[in-house]
Amino acid sequence: MKKLFVAAVIAASVLISYYHSDRVYRYYLATYYFKYKKETRDSLYKRAGVLYAEKKLTDLETHLNRMMVLFPEDREIRKTAAINLMLLGKTDRGVDLLMSVQDKTGVPDSALKDTVKNLYERGFYRDIIGVMKQRPSDDPDTLFYYGLSLYYEGDLRGSLGELKKSLDAGKTDYIAYLRIGDVLDALGDPSESLRYYKEAWTLKYRDPEVNRALVRAYRKLGRLDDAAKMLREQKRHGR
């Protein structure tokens with residue numbers, strides 16, 4: 001009977017620990033760091049800085065995970081953990097964690113470019129708009145993704161402005177001119193869109209999407225001979 005009682009107690013303890021494992025783990029960590037090692041929040045955060053300086057990012061991940069258990073409401077710790085995840089190549093997790101702890105200061109400058117790119121690749125356009133309203137940037141790629149996000153969310157005028165800013169900042173590949181042309185086309189300005197499509201064509205004249213855009217603009221302007229010429233060019237190169 002005694003053995004059965006002990007077994008029942010152990011089983012119950014395991015079950016309780018399973019359902020309250022986060023609480024148990026937090027208690028264990030608090031006892032170890034605060035009572036046994038006499039650590040504080042600041043000393044633990046200082047240790048995180050040392051691990052970062054030594055490029056021990058995997059160890060830093062483990063350390064910061066423990067700190068997040070001990071200080072679940074600490075935004076600074078969570079932001080640091082998010083950036084470290086991004087440095088480790090765990091970008092989706094890092095960006096998601098970073099977005100969950102945004103405050104009035106927004107995304108840190110050091111993580112802004114990678115955050116916006118990751119959000120764009122996953123189609124989170126509204127999140128990009130929210131991030132960029134808090135933290136302006138002069139990075140050409142970041143402005144480009146911001147402009148496209150505004151376009152997909154229906155703000156054509158805002159999109160045009162940001163995409164042009166990306167050009168001014170140094171985004172001078174063909175895709176930037178092509179997308180500005182697309183926005184101008186959507187705004188009902190085929191003449192101006194044609195100008196940007198031509199710029200895209202000079203940079204990548206055999207790109208099928210660029211050629212199709214030129215054909216579309218020529219047709220809207222009634223320049224059917226030019227459209228036909230472009231179609232023949234496409235056919236000759238097998239596009």
Would you say CG of Asp92 has more than 12 non-hydrogen atoms from neighbouring residues, nucleotides or ligands within 6.0 angstrom? yes

Within-4.5 Å side-chain heavy-atom neighbours: Leu187 and Val183: yes

So, does Ser159 use its side chain to make a donor-acceptor pair with the main chain of Leu148 at under 3.5 Å? no

Inspect the surroundings of OH in Tyr33 and state if more than 12 heavy atoms from other residues, nucleotides or ligands are less than 6.0 Å away. yes

Compute the ring centroids of Tyr197 and Tyr177, then answer whether they are less than 6.0 Å apart. no

Would you please test Asp139 and Lys117 for salt bridge (Lys or Arg N to Asp or Glu O under 4.0 Å) and show each step? CA-CA 12 Å; Asp139 176 73; Lys117 180 182 178 183; over 6 Å; no

Going by heavy atoms in the side chains, are Arg157 and Leu150 under 4.5 Å from each other? no

Backbone N or O of Phe34 within a donor-acceptor pair of the Lys37 side chain at under 3.5 Å? no

Side chains of Thr80 and Tyr45: is there a donor and an acceptor less than 3.5 Å apart? yes

With sequence neighbours left out, the residues meeting salt bridge (Lys or Arg N to Asp or Glu O under 4.0 Å) with Lys204 are none

By the definition side chain to side chain contact (heavy atoms under 4.5 Å, CB included), identify the one residue from Met67, Glu73, Met68 that meets it with Arg78. Met68

So if I apply the salt bridge (Lys or Arg N to Asp or Glu O under 4.0 Å) rule between Asp185 and each of Arg219, Arg216, Arg212, which one comes out positive? Arg216

Hey, any chance Leu184 and Leu143 share a hydrophobic cluster, counting ILVMFWY side chains that come within less than 4.5 Å of each other, even indirectly? no

Between Lys165 and Glu162, does the side-chain contact (heavy atoms from CB on, under 4.5 Å) criterion hold? Intermediate values first, please. CA-CA 5 Å; Lys165 284 182 185 178; Glu162 296 303 325; 3.3 Å; yes

Set out, in order, the CA-CA distance, both residues' side-chain angles and the distance that settles salt bridge (Lys or Arg N to Asp or Glu O under 4.0 Å) for Lys46 and Glu39, then state yes or no. CA-CA 11 Å; Lys46 184 177 180 181; Glu39 297 275 12; over 6 Å; no

Is Leu44 reachable from Tyr28 through a run of hydrophobic residues whose side-chain heavy atoms are each under 4.5 Å from the next? yes

So OG1 of Thr142 and CG of Asp114: to nearest 0.5 Å the spacing works out to 8.5 Å

Val107-Phe144 co-clustered via ILVMFWY side chain contacts under 4.5 Å: yes

Closest non-hydrogen atoms of Leu112 and Ser137, given as atom of the first, atom of the second and distance, are CD2-CB, 3.7 Å

Rounded to the nearest 0.5 Å, the CG atom of Leu203 sits from the NZ atom of Lys198 at a distance of 14.5 Å

Just how far is it from atom OG1 of Thr115 to atom CE of Met132, taken to the nearest 0.5 Å? 11.0 Å

Salt bridge present between Lys229 and Asp226 (N-O < 4.0 angstrom): no

CG/Leu160 to CG/Asp182 distance, rounded to the nearest 0.5 angstrom? 11.5 Å

From CA spacing to verdict: side-chain contact (heavy atoms from CB on, under 4.5 Å), Asp96, Met99: CA-CA 5 Å; Asp96 289 343; Met99 295 299 293; 5.6 Å; no

Check Tyr151 against Leu156 and note the closest heavy-atom contact, atom names and distance. CD1-CD2, 3.5 Å

Starting from the C-alpha separation in whole Å, work towards a yes-or-no answer on side-chain contact (heavy atoms from CB on, under 4.5 Å) for Asp59 and His63. CA-CA 6 Å; Asp59 291 342; His63 182 72; over 6 Å; no

Leu85 and Gly94 have their tightest heavy-atom pair at CB-CA, 3.7 Å

Heavy atoms only: give me the nearest Ala30-Leu70 pair and the separation to one decimal. N-CD2, 3.5 Å

Test of understanding: with salt bridge (Lys or Arg N to Asp or Glu O under 4.0 Å), list the residues that count as partners of Arg93, not counting sequence neighbours. Glu61

Could you check whether any side-chain heavy atom of Met230 comes within less than 4.5 Å of a side-chain heavy atom of Trp201, counting everything from C-beta outward? yes

Side-chain heavy atoms nearer than 4.5 Å, only ILVMFWY residues, links allowed to pass through others: does that put Val131 and Phe124 together? yes

Should Val50 and Leu60 be regarded as members of a common hydrophobic cluster, given that ILVMFWY residues are connected when their side-chain heavy atoms come within less than 4.5 Å of each other, either directly or indirectly? no

Determine all donor-acceptor pairs shorter than 3.5 Å in which one atom belongs to a side chain in residues 166-176; sequence neighbours excluded.
| from | atom 1 | to | atom 2 | distance (Å) |
| --- | --- | --- | --- | --- |
| Ser166 | OG | Leu163 | O | 2.5 |
| Lys171 | NZ | Asp141 | OD1 | 3.0 |
| Lys171 | NZ | Asp173 | OD2 | 3.4 |

Are Lys220 and Tyr218 in a cation-pi setup, meaning NZ or CZ lies under 6.0 angstrom from the ring centre and within 45 degrees of the ring axis? no

Can you see which heavy atom on Ala111 is nearest to which on Met86, and at what distance? O-CE, 4.0 Å

Side-chain (Asn84) to main-chain (Leu57) donor-acceptor, under 3.5 angstrom: yes

Arg47 CZ to Leu64 CG distance, which is reported to the nearest 0.5 Å: 11.0 Å

Counting only heavy atoms from other residues, nucleotides and ligands, does the tally under 6.0 Å from CZ of Arg75 exceed 12? yes

Kindly determine whether Tyr27 and Thr31 satisfy side-chain contact (heavy atoms from CB on, under 4.5 Å), including the steps that lead there. CA-CA 6 Å; Tyr27 175 79; Thr31 300; 3.7 Å; yes

Shortest non-hydrogen contact from Leu194 toward Ala217: CD1-CB, 4.0 Å

Measure the spacing between OH of Tyr146 and CG of Leu119 and express it to the nearest 0.5 Å. 13.5 Å

Give the intermediate values and the outcome of salt bridge (Lys or Arg N to Asp or Glu O under 4.0 Å) for residues Glu76 and Lys79. CA-CA 5 Å; Glu76 184 179 18; Lys79 281 186 177 182; over 6 Å; no

